[in-house]
Amino acid sequence: MSSAIDDLMSFLKSLGVDQSAIIAKEDILFNNDFRLQCEQNSCGSYNKNWMCPPAVGSIDEMKEKALKFKQGLLFQTVYQLEDSFDYEGMQEGIEEHTKILRKVLDNIRSTGAFNEFLPLNVGPCTYCGRCAFLDGQECRFPEEAVSSVEACGIDVMALEKSCGMSYNNGKNTISCISLIMFNLD
């Protein structure tokens with residue numbers, strides 16, 4: 001691995017990331033069923049966010065965006081819940097994970113680790129308190145906007161398994177993942 005990637009992996013550990021791996025694009029399996037979860041509005045953001053379907057583009061367009069990169073940085077954080085119905089705890093875990101992703105993206109930009117990259121996160125983009133999509137306006141922060149792994153139709157369980165990461169991390173936990181696709185120059 002390059003020193004930029006080594007430094008990034010060390011940075012992830014310093015942020016409390018539980019598991020991380022560098023993956024090859026060939027390790028990614030796409031499955032339209034995951035995108036169907038978006039279309040069934042399981043998170044409540046369908047047709048309400050620039051980074052969610054249908055505004056983000058078709059699954060084929062998202063797949064093409066992801067596959068123009070050769071590698072990805074996959075990382076996971078795990079949060080304890082009071083019980084399996086602890087929706088508030090799940091939301092807090094996702095928010096904490098997203099804060100970590102933002103720190104990683106700031107690090108990538110400040111160090112120049114990758115010239116071009118595609119960040120994907122758990123769930124809808126939450127950079128703005130209210131997405132401009134709802135007001136019929138263009139995205140206010142396109143450089144900060146992050147789509148979800150699900151919007152690309154990526155099979156996260158298979159991806160984690162392919163690199164030795166566990167998807168299920170125990171009873172009453174939520175596991176959050178991000179994937180940053182990149183090319184090394």
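- A pairwise comparison of heavy atoms in R109 and E144 identifies NH1-OE1, 3.5 Å as the closest pair.
- Taking each heavy atom of C131 and K48 in turn, the nearest pair found is CB-O, 3.8 Å.
- Within the 4.5 Å cutoff, no side-chain heavy atoms of V149 are placed close to those of L159.
- When all heavy atoms of P53 and A151 are compared, the pair lying nearest together is CD-CB, 4.2 Å.
- Cluster membership for L118 and I22, using ILVMFWY side-chain heavy atoms within less than 4.5 angstrom, is not shared.
- The distance from atom SG of C139 to atom CE of M51, rounded to the nearest 0.5 Å, is 5.5 Å.
- Distance check: T126 OG1 to N121 CG gives 7.5 Å after rounding to the nearest 0.5 Å.
- Qualifying side chain to side chain contact (heavy atoms under 4.5 Å, CB included) partners for C52, counting only residues two or more places apart in sequence or in other chains: S45, N49, P124.
- Between atom CZ of residue R140 and atom CG of residue D135 there is a gap of 6.5 Å, rounded to the nearest 0.5 Å.
- Taking hydrophobic clusters as Ile, Leu, Val, Met, Phe, Trp and Tyr residues chained together by side-chain heavy-atom distances below 4.5 Å, V56 does not share a cluster with Y127.
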| request: Check step by step if side chain to side chain contact (heavy atoms under 4.5 Å, CB included) holds for L67 and F30. | output: CA-CA 11 Å; L67 291 178; F30 293 87; 3.8 Å; yes
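- At a threshold of 4.5 Å between non-hydrogen side-chain atoms, the residues P54 and N47 count as touching.
- Linking ILVMFWY residues whenever their side-chain heavy atoms come closer than 4.5 Å, directly or via other members, places M181 and L74 in the same cluster.
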| task | Please report the C-alpha distance between E116 and K68 in whole Å, then the side-chain angles of each, then the deciding distance to 0.1 Å, and finally whether the salt bridge (charged side-chain N to carboxylate O under 4.0 Å, His left out) criterion is met. | result | CA-CA 10 Å; E116 188 180 5; K68 79 177 193 176; 2.9 Å; yes
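- Using modelled atom types, no side-chain atom of E150 and backbone atom of V122 make a donor-acceptor pair closer than 3.5 Å.
- Remark: E88 pairs with D86, E92 by the side chain to side chain contact (heavy atoms under 4.5 Å, CB included) rule, at least two apart or across chains.
- K25 is linked by a salt bridge (charged side-chain N to carboxylate O under 4.0 Å, His left out) to nothing, counting only residues two or more places apart in sequence or in another chain.
- No continuous path of hydrophobic side-chain contacts links L29 to I59 [ILVMFWY only; heavy atoms under 4.5 Å].
- Within the 3.5 Å criterion, the main-chain N or O of V78 finds no donor-acceptor partner in the side chain of T173.
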| Going through the distances and angles, do N172 and Q80 end up as a side chain to side chain contact (heavy atoms under 4.5 Å, CB included)? | CA-CA 6 Å; N172 299 331; Q80 194 64 46; 3.8 Å; yes
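- Residues L12 and S20 share a closest heavy-atom pair of CD1-CB, 3.8 Å.
- Side-chain contact between D155 and D33 is absent, with no heavy-atom pair separated by less than 4.5 Å.
- Between I100 and K103, the closest side-chain pair of non-hydrogen atoms is not below 4.5 Å.
- The CG atom of L81 lies 6.0 Å from the CD1 atom of I174; values are rounded to the nearest 0.5 Å.
- Tracing side-chain contacts under 4.5 Å through hydrophobic residues (I, L, V, M, F, W, Y), one reaches Y167 starting from I177; they form part of the same cluster.
- A pairwise comparison of heavy atoms in F141 and C128 identifies CD1-SG, 3.5 Å as the closest pair.
- Between the Y79 side chain and the H97 main chain, a donor and an acceptor come within less than 3.5 Å of each other.
- When side chains are defined from C-beta on, V104 does not count as touching S178, because their heavy atoms never get closer than 4.5 Å.
- Looking only at side-chain heavy atoms (C-beta outward), E64 and D60 stay at 4.5 Å or farther from each other.
- No donor-acceptor pair under 3.5 Å is formed between the side chain of N31 and the backbone N or O of G153.
- Residues S147 and W50 have side chains not in contact (no heavy-atom distance under 4.5 Å, counting atoms from C-beta outward).
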| task | Output, in order, the C-alpha distance, side-chain angles, deciding distance and verdict of side chain to side chain contact (heavy atoms under 4.5 Å, CB included) for F75 and I180. | result | CA-CA 9 Å; F75 66 90; I180 303 171; 4.1 Å; yes
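- For the pair S166 (side chain) and N169 (backbone), a donor-acceptor distance under 3.5 Å is absent.
- In this structure, CG in L101 is found 11.0 Å from SG in C176, a value given to the nearest 0.5 Å.
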| task | Assess whether side chain to side chain contact (heavy atoms under 4.5 Å, CB included) is satisfied between E96 and T77, documenting all intermediate values. | result | CA-CA 9 Å; E96 285 304 309; T77 55; over 6 Å; no
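- Residues A21 and M165 come closest through the heavy atom pair CB-SD, 4.1 Å.
- Under the 4.5 Å side-chain criterion, counting only non-hydrogen atoms from C-beta, L73 is in contact with M9.
- F182 and F114 have parallel rings, their planes meeting at less than 30° on a 0 to 90° scale where 60° marks the start of perpendicular.
- Atom-to-atom distance recorded for I28:CD1 and I154:CD1 is 5.0 Å, nearest 0.5 angstrom.
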